[in-house]
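Accompanying notes for the structure given below.
What you see is a predicted model; the values in this text were computed from it and never measured. Residue numbers begin at 1 in each chain, while the letters A, B, ... track the order of the sequences.
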Amino acid sequence: MLDMFPYPSGNGLHVGHPEGYTATDIIGRFKKMNGFNVLHPMGWDAFGLPAEQYAIKTGTHPRVTTEANVANFTKQLKSLGFAYDWYREVNTTDPGYFKWTQWIFLKLYNSYVGDDGKAHPISELEAKGLSRDEIDAKRLAYVSEAPVNWCPQLGTVLANEEVVDGKSEVGGFPVERRPMRQWMLRITAYAQRLIDELDGLDWPESIKLLQRNWIGRSEGAQVKFQIAECGTRNAECITVFTTRPDTLFGATYMVLAPEHPLVPQITTAEQREAVGAYQKSVSSKSDLERTELAKEKSGVFTGAFAINPVNNERIPIWIADYVLMGYGTGAIMAVPAHDERDFEFATKFALPIREVVSDAPRLGGEAGAVCEMEPIVCLSAEGFAVNSGFLNGLPTAEAKKKMACWLEEKGLGKGTTNFKLRDWLFSRQRYWGEPFPIVWEDGNHRCIPESELPLMPPTLEDFKPTGTPEPPLSKATEWVQYSATATRELNTMPQWAGSCWYYLRYCDARNSERFVGVEAERYWMTGSLNAECGTRSAESIPNSEFRTPHSRPGGVDLYVGGTEHAVLHLLYARFWHKVLFDLGYVSTPEPFQRLVNQGLILGEDGQKMSKSRGNVVNPDDVVRDYGADSLRLYEMFMGPLEQVKPWSMKGVEGVYRFLARVWRLVMEVDDEGVWSISKALQDVPANKQLTKALHETIKKCGEDIEKFSFNTAISQMMVCTNAFTGAEVKPAAAIVTFLKVLSPFAPHLAEELNAQIRAQFPSLAADRFLSDETWPAYDPAALIEDEVEVVFQVNGKLRDKARVPVAATKEEIEKIALASARVQEFMEGKPAKKIIVVPGKLVNVVV
RNA sequence: GCCGAUGUGGUGAAAUGGUAAACACAGCGGACUUAAAAUCCGCUGGGAGGAAACUCCCUUGCCGGUUCGAGUCCGGCCAUCGGCACCA
């Protein structure tokens, strides 16, 4: 049972946190009562920018801020009665924890992905005698000089994922592209598996789709275009990626990304100035400007021509910023008749547009004719090949295949798959993060020995960014000097690092020998029972769909958290987990079997909660005024867990009143205002009606908890309470049973009332905590009534109802229905054409 | 533009294809009280008819379809929210 662990901010908990936490707490308590061994821990994702920025402002060390915030969060969580196993508390900033974050980095550094698509130790390559450069080019953690997202205000680079609309996700500061030396993680090597292995997971389909789209697989072909002889230039090839090789006959020009390495070589003397100016204008634009100005296509002709391999036509080569260097090959063949972007560009620069796909097959005379015409609209959908030589008449899917074969035969190209996903930029120019266990010597990197972990960050007085891309760690001159000739890596890891594996650490949080013990990992992640850390025998764990059988890929049975982590955290964690799995350190290929997203809680005004709107609800205030149980119950009663929903203090009062009604089932107050056990509470059996209400509640609450329908479970408990409230005498034993059902939701009240009842009726109450009790079983016989109400319809419209013995046969019910005066009236004397009888429900007479 | 989610009373919402609106909130009325609060008990989708008991008609974003029967299934639209967005 896993909650997304919080960043312990200075603001403390907001009411969004306890939403998911209450849900898992209820399920955890429920599962425990059903005999499961439940692991439900909590921890702190405590590295991060706010503490560091606070340090810059005030000089307070981030460790001090973090400790204070963690203490506050802990106090708050404990006040809500969450049954966390605090013995397993983890903190990403604890050296005992980040030692292993650094250790996992070393595994990444010392691994590569082989032809089997799995991670292997780098030592295998060394054994094969590969050179240092060849090995470095394969590592899962590698150094790149590629252009990165540099944010001057934050003084750090950011991952693509952390940049929104050209601004930093944190703070909204402008971000510029600049080349820097950075650590990257080769997540792209896992792109296909990250897509494929979603299949076995019980995640919301929408989240799976979000990840698939993010990874962005597309199938197509690479095509080589010869550069036509152009002045002094020698003939070279430009390779493009296209998803529509079937449209090759319609490629009337080519476009390279402005940064494409071939641009300087192919540009003619006449065009050099224009090309240079364009490149300069593009590179000086920030990402934000580039997207803002993207409405209008821009570009420049290089003066060079390429040969379309399929028809040997000379086609012009342009550069334009609508072609991105980072995707595919950074070059495209433009098919303006069948691609919106190319169409727009060709229209603007008066380039030829040739139709090669039609929505209906056209054969005969037209075939092979090169007609340069301008389609009024651009058809990007599939259709049938026209004006395309040997492809003519073929539907798009077949044309694609045929062209790919043709290209491969002629050595002009081949079928390929491309992914949008880029490698993960893994270094940050910050102080408050895990230092890299890496040193540099003679321009080469190497890892430090495991025995030197954890590598502690240096003690710094001055946390300010240097104002240059030089990280703040550079100020620790002594620390930096690893040896006479070697210096330490100055970057730190991003905040994602610690959260990529915290769920594994929970299994064995205090292990100092290993990131997680072998047995502990197997026991908790697979449900495998032959582990000494397990406290229960195989027999005591009921067979339930909740338990993870070995066939399921995911380890954690249930992971609850917000949608904001749908791609980043969940993708990164899956990637690390797979590497650890390939290397044999963990037992499952996926970290999280079942994922549930809780919906955002809005302010009372229906707006997103924020300080500036002044609509933030502080859980401490709610606990002070209504108690922890009311907060827990209201969070669950608001509506379905996954839904976005607005807060309402009136709603809190509603559940508070419900809890007060439960209290008064057991307790009564005298004239002096002193509460004592109620005289109405007696050692009597519940009557039939109350027994039915109770057993319906046991049944429905159990089912609803399994379905995450906490709101309807609470409704049912309200119904049950209302029934008890209406009874003259309160049957004590039945109320104790009800309290067991209530206890996962409102543990404080339930335990207190049980203790009160125990004092009066020692034999009727539970003699230990309700949380240690077994979930009550319901008696199906108690649910059955002697009579049920049956609805009579005529032509589907409700006309009458009657109480009928449950045992009544179809024929008997039909007879009663036809005998009804109201049914007769609406049948208007016509004969029944058809009579539908649903026993226990309804009769529908069709005339 | 593409993808996804959601549309039900004044409000949060509930309903294995079978009595739409359970349970709450708000509102109204009553009991208790000198009074108020708290508590308890009722009423509470819209329209029409009736003195009343009651009766009929309409109603789950809109339009169609399947079915004896549709909030639920199918097709088409509209609105709101979220994600992606020159990804070739």
- For B/C54, does OP1 or OP2 lie under 4.0 Å from any side-chain N or O of A/Arg822? no
- Task: Would you indicate, yes or no, if B/A24 has its OP1 or OP2 atom less than 4.0 angstrom from a side-chain nitrogen or oxygen of A/Arg661?
- Result: yes
- Message: Once hydrogens and angles are ignored, does a donor-acceptor distance under 3.5 Å link the base of B/C86 to the side chain of A/Lys297?
- Response: yes
- Task: Give one of base, sugar-phosphate or nothing for A/Leu842, where a contact means two heavy atoms less than 4.0 Å apart.
- Result: base
- Query: Mind telling me whether B/G9 is syn or anti, cutoff 90° either side of 0?
  - Reply: syn
- Query: Taking CG from A/Asn844 and C1' from B/C68, how many angstroms apart are they, rounded to a whole number?
  - Reply: 5 Å
- Task: Can you tell me the distance, in whole Å, between the CG atom of A/Leu210 and the P atom of B/G4?
- Result: 11 Å
- Item | Distance-only donor-acceptor test, A/Gln793 side-chain atoms vs B/U19 base atoms, 3.5 Å | no
- Query: For A/Phe826, which contact category applies under a 4.0 Å heavy-atom criterion: base, sugar-phosphate, or nothing?
  - Reply: sugar-phosphate
- Length of the CZ-P vector between A/Phe745 and B/C23, whole Å: 18 Å
- Query: Should A/Arg664 be listed as having a side-chain N or O under 4.0 Å from OP1 or OP2 of B/C40?
  - Reply: yes
- Message: Distance check needed: B/U16 C1' versus A/Asp704 CG, whole Å only.
- Response: 13 Å
- Note on the structure: Taken to the nearest whole Å, CG/A/Asn711 to C1'/B/G12 is 10 Å
- Considering just the side-chain nitrogens and oxygens of A/Lys834, establish if one lies under 4.0 Å of OP1 or OP2 belonging to B/C68. yes
- Task: Determine the contact category for A/Glu205: base if any of its heavy atoms lies under 4.0 Å from a base atom, sugar-phosphate if only primed atoms, P, OP1 or OP2 are that close, otherwise nothing.
- Result: nothing
- Task: Tell me whether the centres of the aromatic rings in A/Tyr322 and A/Phe345 are closer together than 6.0 Å.
- Result: yes
- Counting any heavy atom closer than 4.0 Å, what does A/Gly216 reach on the DNA or RNA strands: base, sugar-phosphate only, or nothing? nothing
- Query: If only side-chain N and O atoms of A/Lys797 are considered, is one of them under 4.0 Å from the OP1 or OP2 phosphate oxygen of B/C58?
  - Reply: yes
- Within less than 4.0 Å of OP1 or OP2 of B/A88, is there a side-chain N or O belonging to A/Ser218? yes
- Message: Please classify the nucleic acid contact of A/Asp342 as base, sugar-phosphate, or nothing, using heavy-atom distances under 4.0 Å.
- Response: nothing
- Message: What is the separation between atom CZ on A/Phe637 and atom P on B/C25, rounded to the nearest whole Å?
- Response: 8 Å
- Task: Please report, rounded to the nearest Å, how far the P atom of B/C25 is from the OH atom of A/Tyr626.
- Result: 12 Å
- Looking for any heavy atom pair under 4.0 Å, which part of the strands does A/Lys650 touch: base, sugar-phosphate only, or nothing? sugar-phosphate
- Task: Give the stems involving RNA chain B, where a stem is 3 or more consecutive Watson-Crick or G-U wobble pairs (i with j, i+1 with j-1, and so on) under 3.5 Å.
- Result: B:1-7 with B:78-84, B:10-12 with B:23-25, B:27-31 with B:39-43, B:45-49 with B:54-58, B:61-65 with B:73-77
- Query: Taking atom P of B/G12 as reference, at what distance in whole Å does atom CD of A/Glu604 sit?
  - Reply: 13 Å
- Contact under 4.0 Å: A/Gln211 side-chain N or O vs B/G83 OP1/OP2: no
- Any side-chain heavy-atom pair of A/Phe343 and A/Val335 under 4.5 Å: no
- Task: Using a heavy-atom cut-off of under 4.0 Å over every strand shown, decide if A/Val791 touches base, sugar-phosphate, or nothing.
- Result: base
